[in-house]
Structures are given as structure tokens and as C-alpha cells.
Trainee: 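Handing you this structure, nothing more for now.
We number each residue from 1, following the sequence as shown.
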Amino acid sequence: MNRTVKTSFVAYFLFTCYLTSLAQESRPAHIGLIYPISTNGMAAPEISNNFSVHAITGVSGGEEGVALYGVGGIIKGDGKGFMASGVWTDVQGAVEGVQMAGVFNRAGNAVRGAQFAGVFNLSHDAAAVQMAGVINKADKAHAMQAGGVVNLANSIDGVQIGGVANVAEAVKGSQIGGLINIADEVDGFQMAGLVNKSRVVKGVQLSGLINIADSSDYPLGLINLVKNGEQRIGLSTDEVFNSMVSFRSGGQKLYGILGLGANLDYETRLYSAEAGLGLKLVDAQPFRLDFEGFSIFSTDFHGLEYNKSGLRLLPELGLGNRIYLYAGPSINYTVHNLDNGDLFKMPIWEKSPRHLHKSIHLGYTFGVQVKL
């Protein structure tokens, strides 16, 4: 596109945007090629229509039915009904219905409507449903905001869903991001595939890896960096000598578990990783009681594998303010292909089809933790 064509297109767009008169007259239909070549002519910005079709672009004072534009349309007043264009639609009043564009939607107020764009939606008060392939931006979102890449809003009262990231000042409802959620205050549910970051969370934070907050009592993640919570480093072993160095981190109630270690008893060195979630049941210094769900995976990287998942109850005794000794029972489900099946301690049920050994069995864990 040469410079003259670009300049002409920009001048035309600015000219049509300059027409700010609201509708004073209503007509049943408006047919056009490009503004002002239409049945309403130069007066189009002052006329509201029940049906509009424009081959390239069109301008109207309002729409109350169906409005279709080949490239783009500008509605100076309210848009009620169905509005669609190949590239952009601009409703300067309120949207009550559906606003669709191949690239870009803009609305002054779309609380009672829905915005769908291939790339970008922009609204002062976001639509009841605001969906874009790339970005949604709104000062206030009152229902659902869903973006293929990014959602931006000052406040969310409903659901904010982003394929990559969500950013909001205040969230009342749910904030769901494929990778990252960022909010100042969350009153509800915040879930991300990788990272959640908030200042204050009144509800649940769920992430595949990290939760970050000043205050969050119910973070669900492997690593939870909560300012008013706690972090602990521990050393433990169990009934089959799976020895782990673990990091426990969370809020006042829930915490995540992430550990690395090895089995020191089996003839071949097995390297282990542990993940889990814990719940603080009792905290009456110097006594504490935790309940944990966990999973341990061990391998020698040459085909031998050991999988153990279970539940454990951990009474803990504090030695001062930072050091805790703990020991408690567990119930476990184990699957492994190791040569000897005697890793099943205190079995309730066991089975060994072919070279795979399975069991449900009782066990125990003991160790020491240091509060950071």
C-alpha cells in the first residue's frame, strides 16, 4: 500500500469518526457502498436503522436490528441487535446484542452485549461476553472475558479466561489463565497453568507451579511464596528408605510439597522426585499436625521405575520456634518393576502380573523440618 493510499484511508477514517451527532430519525433500511454513498447520504450519522448493509464501510446514528459491513462500520449511538464486519466495528454508545469483527471491536458500553473479535476487543464497561483471538481490554468486565492471548481489565466481576495471561486490578469471581494471572485483589478463584501473582487472595489460588501473594490462605501449587505464610525445608525417609530433601511452602492452611532424593536401600541407585499438597490441621505450639497427599516417582534412568502415591498423617514436635521433628503413618498405592517385590511393607493387598508389582500397603515417614 503506497503512501497516498495510506494517507487517504487515515483521512477517511478520521473524517467518519468526526461525525458525532446522535440519531434524530429512524428508518427501516440503510443500503450503501462506502460513506456517504448510501441511501441515507451525508445525513447517515443522524439516522437510526432497523437493517443496514454496506459493501465497504458505513456510518449510522444507531442500529436496532442487523448491521453488516464488508470492511468496517461506525455507529454513533447505540447498537441493538447483530453487528458484524470483516475488519472493525465501532459502537460509540451501548451494545445490546452481538458485536463481531474480523480484527477489532470498540464499544462505549457493552454490559448487555457480546463482543467477538479475531484480534482485539475494547470497551469501557466490558460485554457480558467479550472474546478475542488475541486481546480483550476493558475498564470493567461484568461477566466473561475470554482472550486467546491476553485479557486486560481494571475490575472483573465474573470470569476472566486468557490463553496466555490475565491482568486485572480487582477480581470478584474467577481468573483463569493458560500461563499467568496477575491481580491486585482476588475474591474467588485464581487458576493458572504456571504462575499466579496477587497481593491479597480471599479464596483459592491454583497453579501448576508457583503462587505468589502477600496473603493467601488456600494456595494450591508446588511452590507457594506467601508473605504471611510459611516455607520449610526438610529431610525425611520412609519405610522403604526413599530419602528426600523437600521444600514445603504455602499459606496459613494449605501448602505445596516439592522434593528430590534417592532410594538408599535398593541395590541400584534410584533417583526420586516428590510432589504433593498438605493441610495444616492443628497448630498448638509446640505440637503441630499435618495431613498430606503425595506422589513419589523413582528411576535409575535405565528402565527401572518405582511409583508410590498415598496419604500420610504427620504429628510434629517443635524444638524451639523453627525446628520440627515429625513421624507418622501412611497408606500407599505402589507400582514398580524392580526385581524384588519385598519393597511392599505391611501389605493390605498386592498383585504381581508379569514383571509389574502392585500393592496397597501401610507405611510411615519420619524426618526433620526447618522453618525459614
Side-chain angles (χ1 to χ4, degrees), residues 217-224 229-266 270-299 305-338 340-352 356-372:
D217 288 344
Y218 299 98
L220 294 171
L222 295 179
I223 299 174
N224 304 285
E230 65 176 18
Q231 292 84 44
R232 294 173 286 160
I233 292 179
L235 178 64
S236 66
T237 191
D238 63 12
E239 72 280 358
V240 294
F241 298 100
N242 288 314
S243 299
M244 310 294 299
V245 175
S246 59
F247 178 63
R248 287 170 168 81
S249 58
Q252 297 296 317
K253 297 294 184 180
L254 292 177
Y255 58 88
I257 306 166
L258 188 63
L260 295 174
N263 190 295
L264 305 180
D265 185 56
Y266 192 67
L270 297 173
Y271 299 95
S272 304
E274 179 183 29
L277 293 171
L279 172 64
K280 185 194 299 184
L281 298 178
V282 178
D283 189 5
Q285 293 295 333
F287 177 78
R288 172 174 172 150
L289 182 64
D290 290 344
F291 179 73
E292 297 182 346
F294 67 93
S295 181
I296 296 174
F297 174 75
S298 303
T299 180
E305 294 183 352
Y306 173 92
N307 295 271
K308 174 184 173 182
S309 299
L311 302 171
R312 57 195 176 203
L313 191 65
L314 298 179
E316 305 177 28
L317 180 63
L319 305 178
N321 294 325
R322 298 180 59 188
I323 300 175
Y324 290 85
L325 299 178
Y326 65 92
S330 64
I331 183 168
N332 315 281
Y333 175 71
T334 300
V335 178
H336 71 78
N337 64 355
L338 307 183
N340 61 325
D342 61 1
L343 289 181
F344 298 156
K345 306 296 184 180
M346 296 175 280
I348 299 173
W349 169 89
E350 58 183 329
K351 187 176 182 181
S352 299
L356 195 64
H357 307 287
K358 303 178 181 180
S359 85
I360 298 174
H361 62 95
L362 300 178
Y364 55 85
T365 302
F366 64 91
V368 60
Q369 296 187 69
V370 179
K371 187 175 179 180
L372 301 181

Trainee: As an exercise, state the distance from CE of M346 to CD1 of I331, rounded to the nearest 0.5 Å.
Mentor: 11.0 Å
Trainee: Among K253, R248, R232, which residue meets the salt bridge (Lys or Arg N to Asp or Glu O under 4.0 Å) test with D290?
Mentor: R232
Trainee: Below 4.5 Å, heavy atoms only, C-beta onward: do H361 and E350 meet side chain to side chain?
Mentor: no
Trainee: Determine the minimum heavy-atom distance between R312 and S330, stating which atoms define it.
Mentor: CB-CB, 3.7 Å
Trainee: Rounded to the nearest 0.5 Å, how far does OG of S246 lie from CG of L235?
Mentor: 8.0 Å
Trainee: Looking at every non-hydrogen atom in both residues, tell me the closest pair between Y333 and W349 and how far apart they are.
Mentor: CE1-CZ3, 4.2 Å
Trainee: What I'd like to find out is whether the side chain of L319 reaches to under 4.5 Å of the side chain of V368, using heavy atoms alone.
Mentor: no
Trainee: Between E305 (side chain) and T299 (backbone), is there a donor-acceptor pair under 3.5 Å?
Mentor: no
Trainee: Specify whether H357 and H336 have parallel, tilted or perpendicular ring planes, treating 30° as the upper limit for parallel and 60° as the lower limit for perpendicular.
Mentor: tilted
Trainee: Between L258 and I223, does the side-chain contact (heavy atoms from CB on, under 4.5 Å) criterion hold? Intermediate values first, please.
Mentor: CA-CA 7 Å; L258 188 63; I223 299 174; 4.0 Å; yes
Trainee: Applying side-chain hydrogen bond (donor to acceptor under 3.5 Å, both in side chains), name anything that partners S298, two or more places apart in sequence or on another chain.
Mentor: S272
Trainee: Kindly compute the distance separating CZ (F366) from OH (Y326), expressed to the nearest 0.5 Å.
Mentor: 9.5 Å
Trainee: Can you tell me how far the NZ atom of K358 sits from the OG1 atom of T334, to the nearest 0.5 Å?
Mentor: 12.5 Å
Trainee: Measuring from E292:CD to I257:CD1, what's the distance to the nearest 0.5 Å?
Mentor: 3.5 Å
Trainee: Which atom names give the shortest non-hydrogen contact between L222 and A275, and what distance separates them?
Mentor: CD2-CB, 3.7 Å
Trainee: For residues P315 and G328, report the shortest heavy-atom separation together with the two atoms involved.
Mentor: CD-CA, 3.9 Å
Trainee: Tell me, do L220 and Y218 make a side-chain contact under 4.5 Å, heavy atoms counted?
Mentor: no
Trainee: State, yes or no, whether a side-chain contact exists between N332 and D238 at a heavy-atom distance under 4.5 Å.
Mentor: no
Trainee: Any salt bridge between R288 and E230, counting N to O under 4.0 Å?
Mentor: yes
Trainee: Quick check: closest heavy atoms across F294 and L311, and the distance to 0.1 Å?
Mentor: CE2-N, 3.8 Å
Trainee: Using a 3.5 Å distance criterion without hydrogens, assess whether the side chain of N224 forms a donor-acceptor pair with backbone atoms of S249.
Mentor: yes
Trainee: Roughly how far, to the nearest 0.5 Å, is OG of S243 from CG of N263?
Mentor: 7.0 Å
